[in-house]
Structures are given as structure tokens and as C-alpha cells.
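Report on one structure; see the data block that follows.
Bear in mind that the values here come from a model prediction, so they are computed numbers and not experimental data. A note on names: the letters A, B, ... follow the listed sequences, proteins ahead of strands, and every chain is numbered from 1.
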Number of protein chains: 2
Amino acid sequence: MAKMAVRKMVERQTGVALWRQIADRIRLAISNGDYDATGMVPPEMALAREFGVNRHTVRSALAALAEEGLVRAVQGRGTLIERKERVTYPISRRTRFSQGLGRQVKEIGSKLLDHREVPASHETAAPLGLSPGAPLIELRTVSSGDGRPLSVAVGYFPADRFPKMAEEYARLGSVTKAFAAQGLDDYVRVSTEIVARHADTDELALLKLSPGAIILEAQAVNADLEGRPVEYSRTRFAADRMKLRIET
Amino acid sequence: MAKMAVRKMVERQTGVALWRQIADRIRLAISNGDYDATGMVPPEMALAREFGVNRHTVRSALAALAEEGLVRAVQGRGTLIERKERVTYPISRRTRFSQGLGRQVKEIGSKLLDHREVPASHETAAPLGLSPGAPLIELRTVSSGDGRPLSVAVGYFPADRFPKMAEEYARLGSVTKAFAAQGLDDYVRVSTEIVARHADTDELALLKLSPGAIILEAQAVNADLEGRPVEYSRTRFAADRMKLRIET
DNA sequence: AAAGATTTGTCCGTATGTATA
DNA sequence: ATATACATACGGACAAATCTT
């Protein structure tokens, strides 16, 4: 495979440092499996030629990726790839968080960050079919796969119908089980909206991301089988660790 | 409204210049409608306080947004918001590109960048259910709404079944119509995968984005009513102009 | 086993960009 | 517009670890 350097695939004076642009490109190449043949990143000099930059600039990029735990440099050998998987998260009419990831990661962690009762805002009332001011239970959770944080989510539930949502979630560690404990045996996804944007500082901290990282946000409404909304949630995924699959 | 800055909402020494981080935040706030009350961005000094930076840094950020055509600074008055909409792109079993956007933009432009016949790679053969090496027609297109580029797409079609794909698309300006002209009256979306990542230089140029911008990429397979794949496409949306809605 | 080639690690210095005051 | 501090990027030289011949 003759690797013809197309060259100059990074741009200067744009407010984004070259080393960060290059780190992003290498991270993408790793997750695409471009380096699977050797299990290693190409030598620093080769990358420097490919991107048309100095070797030191490539080193800065690789240092950032090493900091993320994505690669590990070994003197005299090269830079080994430590991790490359992108977890696929399925979205269907019967989307269940834990279930979809079950086969891809050995251990799923769900932690309840906090919870409180809040009045519905315009933003939260509309998708739930309630009037602004109606009592909601707000749950903030962070989920991880094999120890790596994958998503932070905030969920809103009608407080009059599911008064024990927080307690049951804390006890059972699953929205589906918490619903079941309160008499709701089944529910379906009625709508999902997806946007992508830069992470803010909260998200950087919770998901252990490096600045400039991208968030894939899914805003979802779940309803019972009669069509009454039971949950409005905003789940923020670390974009470089996840892929969403839509099953229609 | 008193949006008290709890702390610094931008971070230093991360490879992303402060002015660019701030530009990204303001762009997000605009598209969220945070400034709809006044139709203007807050004064430079207020923004400087909010982000904990010097006023000159905010000015650099606003200059970048003005360059994008998103805002316009008027001496003595403030910085006016010129544009703020995020177009919603619906994804369902019957996804049709032009149709979904029809109500949101007045004028849809679709331009065929180039086309060629290529042998299927491993990447393109698998979703189409073909063997690597099978002849495919590759179409690269860019689409815009009201003059603003929204997406670039590359589509792969089995060349033996749709030999005139490029000509018909060029003539009709729509994949659906090009299919119909070749005897395929109906097709459905069978799978969609979504990832988010940074734009590369090609995408920056084609979509008229500024470096560091985010791409929402949808990898889709369409099939005829017998389930035989007829198209594999990768559509790259400018993330700050689009929202994807999944209808299940 | 020894020598040479390859690859990462570290040090020097210089110029430019970013951010504050 | 000026001055200052630090981050970014480049260029070269050499050391240290590993692999190949």
C-alpha cells in the first residue's frame, strides 16, 4: 500500500493547534482500524511527512493520545495502540440502555450523580405532554463500560406517576427496572433527536475527555403503550467512544 | 436573567485557543436561542466577564463568527445575530433527502461533484451484500439549503443494476428520481449508523466551515422492497447547522 | 555476538501566535 | 499601540532502546 502523502491535511492559524488537529486525525484513524495490520501508529517521522509538520509537533499529538490512554510509546520500538473500540449504541423502538451495550462491554457501570424534584420548564414540559410547572423528578446519571465513562444523562419523569423514581433507580441501577417496580412493565421510544457539539467543562470532567472533545447528544422521549410520555432524557455520549445505530 | 458564571467555562493550554473555544460557545448559544430576547449577542465586556477572559479575546471570537456570517457588529449598538436556525433532518424507514427538508428551507440545492465507476472495497461491499471487486457507481454530491451548504455525501450503487445512476442523477437532481428512472419505484432505509468527529480539510472547504468544526456522519443502507441493498451512502452534515430526528 | 538501522526521548535555540495589561 | 508572558511550531543534534542483518 503505497502511502502517497496527500500532504497538508492540517491548517495553520485557525485557533486550533496543529498538534491537536493531528491528534484528532490519528484518533480517528485508530478507530477506523487503519493501523490494525501492525497494531502500531506509524513512526513519528512518517507522520510528520504525512501531515507536513515537524516531528516535535507529531510528538505533542502522540503525547496527548498517550495521556488519553489510547496509545503507549516504547523507545526503540514505536507507538503501540492500547485501545481502539468504538461502542455501538442501538436506537430502536425498544431502546434499553444496558441491554444494547451488554454484548460489547463486559461490565456496565451506572452511577446516580444526583436527583431532585423540579417544576417542568417549557423545554421539559413539551416533550412530556405536561404543562410548565408540573412536578418532575430529575435524575442525573453517568454510565461507563469496562471502567471507561461513555455517557452522562439527565432524565425527567412525571413525579405524580413515578414518585419513587430516584429511590428505585438507586436501588436497581436501571430505568427499565425502576419503571417495572412502579407498575410500568413496558414502554417504547417515540422520538429521538441527535445533535453534535463541543463538550463543556462539566462534560469534560464527567466523561474524562480532553478539551475540544465532541459530544453526541440524543434527546429522547419514551412513552407507555397507551402513548403517554413517561420519560424525557438528554443523553450525552463521548463521540469518539460511541457510534449510534438506528434500527428502523 | 443573571447567568452567574460559576467559574471559568473555557480552559487554557489545551491546543484550542481561547478565542476559538469562546466562538464555539457563542455559536452554540445562538443556535440554542439563548439570545432570542434581544436578537443580539451580549456586550463584549459581559462576555469577557462570563468567560473569565480579556475583552480582546472575546473580540477575536466575535470576529471569527462575523467572518462566518453568523453575526454582524455595529459600532455603538452591539453585535447583531444574522442567522440562527438549525435544520432538522428526519431519519425514518422512508427517508428521502429532499422531502424531509422541504418545509424548513425555501430552496434546496443539490450538486453532483463527480462520479466514477469503482470496484467495491471491503468497506463498501459488505453493506451492499456484494463481493469485494464488484463494480459500483460512486456519486459525490453536496447539498445546500437556501444557499448554505448543509451536507456532502458519497453514495455507492451496484453498477450492474443501476448503470445510468450518474447520468440520471445529474439530469434529475435526486436519488429517488434516478432510481425511478431505472425501474426502482420504492426503497426503504434498513440501517443508519451515526458518528460525530472533527471535519477534515476537504469537508471544511466543501461545507464552508471553520477549522475545528464538527461533522455528523450518517452511514446508511437503502434496500428495495425485497430487501436487496440498492445504495450505501455516507452523508456528512455540518453539525452546527443540523439536527437529526429519528422517527421509529 | 557485533554492527548498523530504526525509532523514541531529550536538549538546545529561534520565531510566531495567543492572551493579558 | 506597546510591553510582557507563555504556548505553539520549527530545526537540528544526540542519547537510549529495540530490531535487523
Per-nucleotide protein contact string for nucleotides 13-21 of chain D (B base, S sugar-phosphate only, - none; heavy atom under 4.0 Å): B--BBBS--
Output all residues satisfying salt bridge (charged side-chain N to carboxylate O under 4.0 Å, His left out) with D202(A), sequence neighbours left out; order by chain, then residue number. none
Identify, with sequence neighbours excluded, every residue that meets salt bridge (charged side-chain N to carboxylate O under 4.0 Å, His left out) alongside R83(A). none
What is the distance, to the nearest angstrom, from the CD atom on Q21(B) to the P atom on dA7(D)? 14 Å
Grab the CD1-C1' distance between I22(B) and dA19(C) for me, whole Å please. 10 Å
L18(A) CG - dT18(C) P separation (whole Å): 11 Å
E44(B) CD to dT20(C) P, in whole Å, measures 14 Å
Atom CE of M45(B) and atom C1' of dT20(C): how far apart are they, to the nearest Å? 13 Å
Mind checking what makes side-chain hydrogen bond (donor to acceptor under 3.5 Å, both in side chains) contact with E193(B), not counting sequence neighbours? K243(A), R245(A)
Of the listed nucleotides (dT20(C), dT8(C), dT8(D)), which one gets closest to any side-chain atom of A17(A)? dT8(D)
Can you check whether E107(A)'s main-chain N or O pairs, donor with acceptor, with D146(A)'s side chain at less than 3.5 Å? yes
From C-beta outward on W19(B), which listed nucleotide comes closest to its side chain: dA19(C), dG11(D), dT10(C)? dA19(C)
Between F157(B) and Y232(B), does the ring centroid distance fall short of 6.0 Å? no
Contacts of type ring pair (Phe, Tyr, Trp, His ring centres under 6.0 Å), residue Y169(A), not counting sequence neighbours: none
Got a sec, which residues hit side-chain hydrogen bond (donor to acceptor under 3.5 Å, both in side chains) with S121(B), two or more places apart in sequence or on another chain? T124(B)
Those residues of residues 62-70 of chain A lying under 4.0 Å from DNA chain C by at least one heavy atom: none
Minimum-distance nucleotide (side-chain atoms of P43(A) versus dT8(C), dC10(D), dT20(C)): dT8(C)
Interatomic distance where CG belongs to N54(A) and P belongs to dT16(C) [whole Å]: 16 Å
The side-chain hydrogen bond (donor to acceptor under 3.5 Å, both in side chains) partners of D240(A) (sequence neighbours excluded) come to R27(A)
Look at T79(A) and dT8(C) and indicate whether a side-chain polar atom (N or O) is within less than 4.0 Å of OP1 or OP2. yes
Length of the line joining M40(A):CE and dT6(C):C1', which is rounded to integer Å: 11 Å
Partners passing side-chain hydrogen bond (donor to acceptor under 3.5 Å, both in side chains) against R20(A) (at least two apart in sequence or in another chain): none
Check the distance between dA9(D)'s C1' and R20(A)'s CZ and give it to me in whole angstrom. 16 Å
Does a side-chain N or O from T57(A) land closer than 4.0 Å to OP1 or OP2 of dT8(D), or not? no
